[in-house]
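Working notes, structure below.
These figures come from a predicted structure and were not determined experimentally. To find a chain, count down the sequence lines: A is the first, B the second, and so on, and within it residues start at 1.
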Protein chains: 2
Amino acid sequence: MATRTRRAERREEPLSRERIVEVAVELLDAAGEGGLTFRALAERLATGPGAIYWHVANKSELLDAATDALVAGALEARDARSPKSPRDGIRAVALGLYDAIEVHPWLAVQLATQLSRSPWQPVTLRIFESVGRQVGALGVPENSWFTATSALLHYILGAAGQNAANAVSGRALGPGSSRAQFLDDASKTWEALDPDDYPFTRAVAAQMRDHDDREQFLAGVALILTGMTAAPPSSA
Amino acid sequence: MATRTRRAERREEPLSRERIVEVAVELLDAAGEGGLTFRALAERLATGPGAIYWHVANKSELLDAATDALVAGALEARDARSPKSPRDGIRAVALGLYDAIEVHPWLAVQLATQLSRSPWQPVTLRIFESVGRQVGALGVPENSWFTATSALLHYILGAAGQNAANAVSGRALGPGSSRAQFLDDASKTWEALDPDDYPFTRAVAAQMRDHDDREQFLAGVALILTGMTAAPPSSA
DNA sequence: ACCTGAACACCGTTCAAGT
DNA sequence: ACCTGAACACCGTTCAAGT
C-alpha cells in the first residue's frame, strides 16, 4: 500500500504472460495442481479472471507453459557447465531434472501427463535432445541412439518423480531425523507384508531402509549406462 | 426398459463397490479422467450422487481403486503363465502393463500420480514385487536387487505410458496406414527442427520414423537387463 | 444399513461492456 | 489492444430426510 512510487516500478506491471506463469508456479508450489485457480491467480495479480485469458488460452496451456519454463531452466543450468565426460553430462542433466522435481513436485505428474497426452511435446523434446547429445558422445552405436536415449529419458522422469516424492514425504514429517524415521517405518511395513504374497519385497526391506534417494537415483542411471555401452546379449 | 424380468437378475444389483469401480473404468475409458463424474456415475447406476459416497470415500479413492483393479488384473494374467526364464517373466510383466495402459490410457497418468503422491502405494508395491521376483531369479547380486528392480519399474511405467500414447495417437488418426503416416509426420517435424538447437533429435528422426512401439519398449527392457547382469563399470 | 436428491461452495470459461 | 466482472454450466461433496 505504498502511497505512490516514483514511476510504479513494478507495482503495476501490465500483466504479461511471463508474469502469469511466474505466479502460477508459486501457486502450484504452494498447494499442488489444486492450488492453481484462475480466481486465485487473478487475485494475486490484482485483476479479474477474464484478463488472464487474454494472455493464455486455458488452464492446460498455462500448466504446459509453467512446466516448460522450469524444465528449460533446469536444463540450461546444466548445459552451461560443459561436462568433463558424456557420463558426467548425463548425470548432470538427470540431476538437474531430479532437483527441479524435488523443488516443484507437481512437475512429475505434469510431465507424465504431457508424455501420455501426446509424446514429443516441446518439453519432452528438450529433455530428449539434452540427454541424446551425451548419449551420442558416449560411443553408443548410432543405430541404438533412439532406443538408448528413450530408455534413459523414461527412467529419469519416472525415478525422479518417485524419489522426489520420497524426499517430500520425509520432509513433511518434520525436521531432523524424520527422514530416517520415515524410511524405517516404511521398511517395517514391508517386513510385515504377507510372506506368500510379498516374498521379494520383504527380502529387500532392509535395502530400502538404508538407501539414499539421490544415490539410488544415480545408481539407476549408472545401470542403464552400463547396459547401453555393454554389448547386448544374444537374443535381446 | 424390460417390463419386468423374472427375478431382476442383474438389473437391480444393489450397488456395490465393485460395480461402481466397474462403471468408473467404463467412463474413464470413454473420456479420460474428465469423463469420470459422480453425476455421470450416478446416472449409469440409476441412483443419486450421494449414494456412491456410501461405498467410496471420494473421487481420489475411486480412481485408486480403478487403477488397482486393472493393474492387479494385468499382473495376474501374466503370473499365471509360469515363464520359461526370469527374462521371459520380466518381459511378460512389462508387456502386461504395456497392454493395460494401451487399453486404458488414463492409467499412465494415474500411476504417475500415485507414484508421486506417496511412493509404495499398494499398486506400486504389487508391480515392484512382480518385477522383483524375476530380478531375484535372474542371478543379479542380492545387494543390487532394490536398485535394479526400481530402475526396471520406472522404465516400464514411463515407457509404457509414452508408447501407449503413441499407439493411441496413431489410432485416433483413423484406420489403416495412419500409424505409419503419423510417424512419418512426426519424423518430418524432427527433421525441420533448428540444427543448432536440435542436432541430436534431427539425427535420429529416421530411427524414430521406423521404430515399432512394442519392439522399442522391449528393447529398452533388454537394455536394462543387460545393465543389471553385466559387471558395473569402474566408478559407477 | 443403505439410498435420495437438494443444496453448498467452488471451478473453468465466456462475453458484453468498458478504457 | 487489453481489462473487468457478472454470468453460465458444471463439479465434488455434504446431509437431512427417507426406506
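A straight line from CG of B/Leu36 to P of D/dC10 spans 17 Å, rounded to a whole angstrom. At whole-Å resolution of the value, NZ in A/Lys59 and P in C/dC11 are 9 Å apart. Between the CD1 atom of B/Ile20 and the C1' atom of C/dC3 there is a distance of 11 Å, rounded to whole Å. Rounded to a whole Å, the CZ atom of B/Arg17 is 14 Å from the P atom of C/dC2. We find that CD of B/Glu43 is positioned 14 Å from C1' of D/dC10, with the value rounded to whole Å. With rounding to whole Å, B/Leu27 atom CG is found 16 Å from D/dC10 atom P.
Within 4.0 Å of B/Leu41, counting heavy atoms only, lies no atom of the nucleic acid at all. As judged by a 4.0 angstrom heavy-atom cut-off over every strand, B/Leu45 is placed among residues making no nucleic acid contact.
Between A/Trp54 and the phosphate of D/dC3, there is no side-chain N or O to OP1/OP2 separation shorter than 4.0 Å.
In this structure, of D/dG5, D/dT13, C/dC3, it is D/dT13 that holds the atom nearest to the side chain of B/Phe38. The listed nucleotides are C/dT14, D/dT13, D/dC11; the one nearest the side chain of B/Thr37 is D/dC11. Listed nucleotides D/dT13, D/dG5, C/dC3 differ in distance to B/Leu15; the shortest reach to its side chain belongs to C/dC3. Checking D/dC3, D/dG12, C/dC3 against every side-chain atom of B/Ala51, the shortest atom distance belongs to C/dC3. The side chain of A/Arg39 approaches D/dA7 more closely than any other nucleotide in the set D/dT14, D/dC3, D/dA7.
Mapping B/His55 and A/Gly34 onto DNA chain C via the closest heavy atom, the residue that lands nearer the 5' end is B/His55.
Atom CG of B/Asp64 sits about 8.5 Å away from atom CG of B/Asn58, to the nearest 0.5 Å.
More than 12 heavy atoms of other residues, nucleotides or ligands lie within 6.0 Å of CD in B/Glu61, so this atom counts as buried by the packing criterion. Within 6.0 Å of CD in B/Glu43 there are 12 or fewer heavy atoms belonging to other residues, nucleotides or ligands.
Between A/Phe128 and A/Trp120, the ring-plane angle classifies as perpendicular under the 30° and 60° cut-offs.
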